[in-house]
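Just so you know, these numbers come straight off a predicted model, no measurement behind them.
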Amino acid sequence: MATSLGENLKLLSDQQQALVKMLLENGQDHLFRDWPAPGVDDDSKKAFFDQLTLLDSSYPGGLQSYIKNAKRLLADSKASKNPYDGFTPSVPTGETLTFGDENFINFEETGVREARKAAFVLVAGGLGERLGYSGIKVALPAETTTGTCFIQHYIESILALQEASSQGESQTPIPLVIMTSDDTHGRTLELLQSNSYFGMQPTQVTLLKQEKVACLEDNDARLALEPQNKYKIQTKPHGHGDVHSLLYSSGILKVWHDAGLKWVLFFQDTNGLLFKAIPAALGVSASKQYHVNSLAVPRKAKEAIGGITRLTHSDGRSMVINVEYNQLDPLLRASGYPEGDVNCETGFSPFPGNINQLILELGPYIEELSKTGGAIQEFVNPKYKDASKTSFKSSTRLECMMQDYPKTLPPSARVGFTVMETWLAYAPVKNNAEDAAKIPKGNPYHSATSGEMAIYRANSIILKKAGVQVAEPVLQVFNGQEVEVWPRITWKPKWGLTFSRIKSKVSGNNSISQRSTLAIKGKNIFIQNLSLDGALIIDAVDDAEVNVNGSVQNKGWILETVDYKDTKEPEVLRIRGFKFNKTEQLEKKYSEPGKFDLKA
């Protein structure tokens, strides 16, 4: 064995010795090259083997598979091999929905009934650093009218589905798994515990922590050591594709299957609109019997969002998969579409935009994972020093993405998509104020500013479609981003889970002015002949039925600009570029059951 390891071998268990043998056989002798004799740095050596054992146990097939996969992928990358060679793209089959029509309402109602057989998986390994926020992303307020953070909104949405799907019978708790990382695990747990899990039972929520993978220092897939510590391997995140192997190895999928569950819904950490789309999308999965259903939004040709595409190989294989926008256009051109990715008669590309929300049917999912162990097809993205591609600027690692799960499915798998309008389904918060301000006008900012304004826009449009006269928005600039400012309308998921429920709670002749704020915090709040010009906050327990009518006029909550560089303001406001000056409001709280009239 390698230099100096001879005498060190006796420090190791049989299992560790087997690991050393495997590493040496796979070109990793540099790891032990300068080791001193036993008695020197023994604690560091022991820690090194603890790290190796963790890296080995947390990757499907162990480090041996990781090194083997890395050598193959690095060789392909060096040879500039196109992963799509031999594949021809075509438009896959799916459902395109229009909010509020009969078809949409039917899918929504089906989805609500199916929700009692569903489990949810939130991928939340990320910090808010890229946003200019030092906390975990799920702790960010989705909107600042009520200050509800993303995880609270998600949990309250799942609880509203849980109640609605029970249809009067006793409620079956809908499980929630949250995939965390070293960066987010402790803070996620603390956020849940200090808020009593936002109304969920603690047993309903499972946290699964994702481990990192070893970095690679060269094309031979030699594992990279930390520059300052020869007893530590450099590690980096493997990507959110790990969620599949974590679910598989935890045994939770079998528990769900034995409990009679049928669907697993995967979603990401900062999209405040998502649950407006989930009931109908789940309804599509159930009606069309899709094994895999990707939520999607209409996509303009060449827009910087992956397109959902059917790929058929010359050898007969086929799959429906997300193809990144910079690969889709050349792939189409090379396959007999001289124009590449172009808009069709709808004004959008026939390849819908992937938003990384998946609904999988549990039975086929378990069957597939029992073959793969949850391993997802990986990619590597080394930053080479020069065109010879012989050395890297810095170490790289293998990565995988949650949405690449369908790549290994058999052709018989039913893989489809559900397209919903962007205003309803997709407003992620991922760019900081400076980066968002550089985005060309007309393209989505995907910032905290646009994410909050999108919630007000969606709620305003939904109420308009339910017959409320909602004033048109005005354009304003915050943090260098021009956004539509609609009335600041928010409601709890239990009030407005589906369009038909919202319609049943709004009647008569209602109007809301553009400068208004309306926060509905209760389940049985009915709005009839209300004229609102100002701020109205209604908070009621579930057993209080409140009928709201008349004319509410006050100075309201005034929107004021905040500079993102102004350190006197809290981060959550700086990253938005605005705050509310709560000048005057009508606020009513109903904490007892009964029937009440709020007559203004």
Sequence neighbours excluded - salt bridge (charged side-chain N to carboxylate O under 4.0 Å, His left out) pairs with any residue from residues 441-460:
K441-E482, E452-R576
S77 vs P382 side-chain heavy atoms within contact, under 4.5 Å:
yes
Before you tell me yes or no, could you show the steps for W491 and N459 under side-chain contact (heavy atoms from CB on, under 4.5 Å), namely the whole-Å CA-CA distance, both residues' side-chain angles and the distance that decides it to 0.1 Å?
CA-CA 8 Å; W491 56 71; N459 290 341; 3.3 Å; yes
Do K393 and Y384 form a cation-pi contact, if we require the NZ or CZ to be under 6.0 Å from the six-membered ring centre and within 45 degrees of the ring's axis?
no
Determine whether P298 and V419 make a side-chain contact, defined as any pair of heavy atoms from C-beta on separated by less than 4.5 Å.
yes
When you look at M402 and Q268, which way does the side-chain contact (heavy atoms from CB on, under 4.5 Å) test go after all the steps?
CA-CA 10 Å; M402 170 173 89; Q268 284 183 281; 4.2 Å; yes
Which atoms form the tightest heavy-atom contact between R299 and G306, and what is the distance?
CD-O, 3.8 Å
Angle between ring planes, Y84 versus F87, binned at 30° and 60°: parallel, tilted or perpendicular?
perpendicular
Can you give me the closest heavy-atom contact between T144 and Y456, atom names plus distance?
N-OH, 3.8 Å
Are F275 and F120 close enough that their ring centres sit under 6.0 Å apart?
yes
Set out, in order, the CA-CA distance, both residues' side-chain angles and the distance that settles side-chain contact (heavy atoms from CB on, under 4.5 Å) for I178 and I151, then state yes or no.
CA-CA 10 Å; I178 304 172; I151 195 146; 3.6 Å; yes
Could you tell me which non-hydrogen atom of A124 sits nearest to which non-hydrogen atom of T184, and how far apart they are?
O-OG1, 3.0 Å
Which word best sums up how the rings of F266 and H244 line up, parallel for under 30°, tilted for 30 to 60°, or perpendicular for over 60°?
tilted
Tell me which pairs pass side-chain hydrogen bond (donor to acceptor under 3.5 Å, both in side chains) where either residue lies in residues 92-104, with sequence neighbours left out.
E95-K288
Under the side-chain contact (heavy atoms from CB on, under 4.5 Å) rule, what do L161 and I278 come out as? Steps first, then yes or no, please.
CA-CA 10 Å; L161 274 170; I278 275 180; 4.3 Å; yes
Using salt bridge (Lys or Arg N to Asp or Glu O under 4.0 Å) as the criterion, list what pairs up with D386, not counting sequence neighbours.
none
Sequence-distant partners of L253, side-chain contact (heavy atoms from CB on, under 4.5 Å), two or more places apart
L247, W256, L362, Y365, I366, L369
Return each pair, listed once, that meets side-chain hydrogen bond (donor to acceptor under 3.5 Å, both in side chains) where at least one residue sits in residues 322-339; pairs must be two or more places apart or across chains.
N322-E324, N322-N354, D329-R333
For T408, side-chain hydrogen bond (donor to acceptor under 3.5 Å, both in side chains) partners two or more places apart
E368
